Amino acid sequence: MIKIAKFGGSSVADAEHFKKIRAIVEADPARRFVVVSACGRRHSGDAKVTDLLYLVAAHVRYHVSCDDLLADIGQRYFDIADELGLAYPIRDEFAAFADTARSGAYSTEELVSRGEYFTAQLMAEYLGLPFLDAADVVAFHHDGTLSMTRTEALVQERGIPGGFVMPGFYGATREGQIKLLDRGGGDISGSILAKCLGADLYENWTDVSGFLSADPRVVANPQPISRVTYSELRELSYMGASVLHEEAVFPVMEAGIPIAVKNTNRPEDPGTVISDRENYVASEPIITGVTGKKNFVAVHVLKDHMSNEVGIIRRTLSIFERYHVSVEHIPSGIDSFAVVVQGDDVKDCIWSIVADIKTEVAPDGIKVVDDLSLISTVGRNMIGRPGVSGQLFAALGNEGISIRMIAQGSDEINIIVGVHRDDFEHAIRAIYRAFSDGDHLLELKDLKKAEEDARPRVADADEKE
Ligand code: ASP
């Protein structure tokens, strides 16, 4: 049994958290492969080491002294090492790093990567596991993209079978030039490693007990999600829920390895398991979660007899493509359609796009609606279950919320509604309420019961005759 345990920034913020991690790792002999982020915030208002390192890089670039900054960063590592009595020569190593940083000899990527490097060095000693440098196994192409094939070969060749601690977030090219993944990319490193080692489980340890079925700032006490499929998670995180880096799903998904999102501060909490098991479980909620995003823009294009004209949608879309704007939805009618895009993507070019549509498509009318919010109700259990969308629309209708757009993904795992931005929170609460009994989300068995209650019983029918 192999488990990859990845600990995020808040989980390695200080010596107290290192102790929690050791207890977690020692509690399960399968947890021998550990990936760590750089030290994160110890409390609200604190800074993440990675952010501070980016700041150091900026100071160096503009020839501004960063001695205080470097001293603060160093102190965080010294405190951990001192409190845990570690022998790793962190003061010497950090001094050498600080000198090179000041001299301007590091690339920004290499400088920033030292955050995870030092964390992993200390963690390796504390856990009694060898240190494996990500630069030796996580392989990048020169253009900064990851080489999965070479990474797999290197992990086979250099990965220590008995276990190790590896820094997340970075890797290197063939020539040893350090490259970084996206911000928050330690999650991706863990996922890559899980795939390369053929792990049974990828544990992602963070400071929350998994995913919640709604944003707690909008819905009071939303129920935690105990299980979610990879595609549901893609929908939920794309639309707002952010616990795990979006890209972290792909390597393990391809390999069919489940992910468990767990809380380092409350390891006994069940957390969320992400896997592709899709069988029917009566005690599962009907919906998995409700989430949403504000600030969408819909460009409505109207033209009489549009349905007889070939190529009009293609011509409109090619204009968006020209401006490098990604299209989210295209709800359409007989003589009109709309192109829905993210507001931020068109803030500088929306009027150029409209002008181009006018000349190249010659519509009868064009209307820009810029106060659209999208709400996505996600749930694998909605598939093929009549009445769910009815319940959702009725909930919004009963609250007097007008629906401006409807879209359902072809895989039927989500229903997206567009509402005015002022109705955003209200609509999320209304949908959540429609699928919960106040305390808990309604389960499939409740739906069955409701269906049965609604069905006239044979005896009733007889009585009426
Ligand atoms: N330390 C990096 C960041 O803050 C990567 C990570 O934590 O996953 O973005």
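As the structure lists them, so they are numbered: ligands from 1, and atoms in each ligand from 1. In this text, all values refer to a predicted model and were calculated from it rather than measured experimentally.
Salt-bridge annotation for D82 and R91: present, with a side-chain N of the basic residue lying under 4.0 Å from a carboxylate O of the acidic one. Salt bridge R380/E284: present, at least one basic N to carboxylate O contact under 4.0 Å.
Scanning for side-chain hydrogen bond (donor to acceptor under 3.5 Å, both in side chains) contacts around E254 gives K195, with sequence neighbours left out.
Residue pairs that meet the side chain to side chain donor-acceptor pair (under 3.5 Å) test with at least one member in residues 57-68, sequence neighbours left out, are D67-R102.
Closer than 4.0 angstrom to ligand 1 lie heavy atoms from S37, K48, T50, E116, F169, R183, G184, G185, G186.
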Would you mind writing out the side-chain donor-acceptor pairs for residues 149-157 within the sub-3.5 Å range, not counting sequence neighbours?
residue : atom : partner : partner atom : Å
T151    : OG1  : A139    : N            : 3.0
T151    : OG1  : S147    : O            : 2.7
Q156    : NE2  : C196    : O            : 3.0

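The residue from F97, Y170, F131 that alone fulfils the ring-ring contact (aromatic ring centres under 6.0 Å, His included) condition with Y117 is F131.
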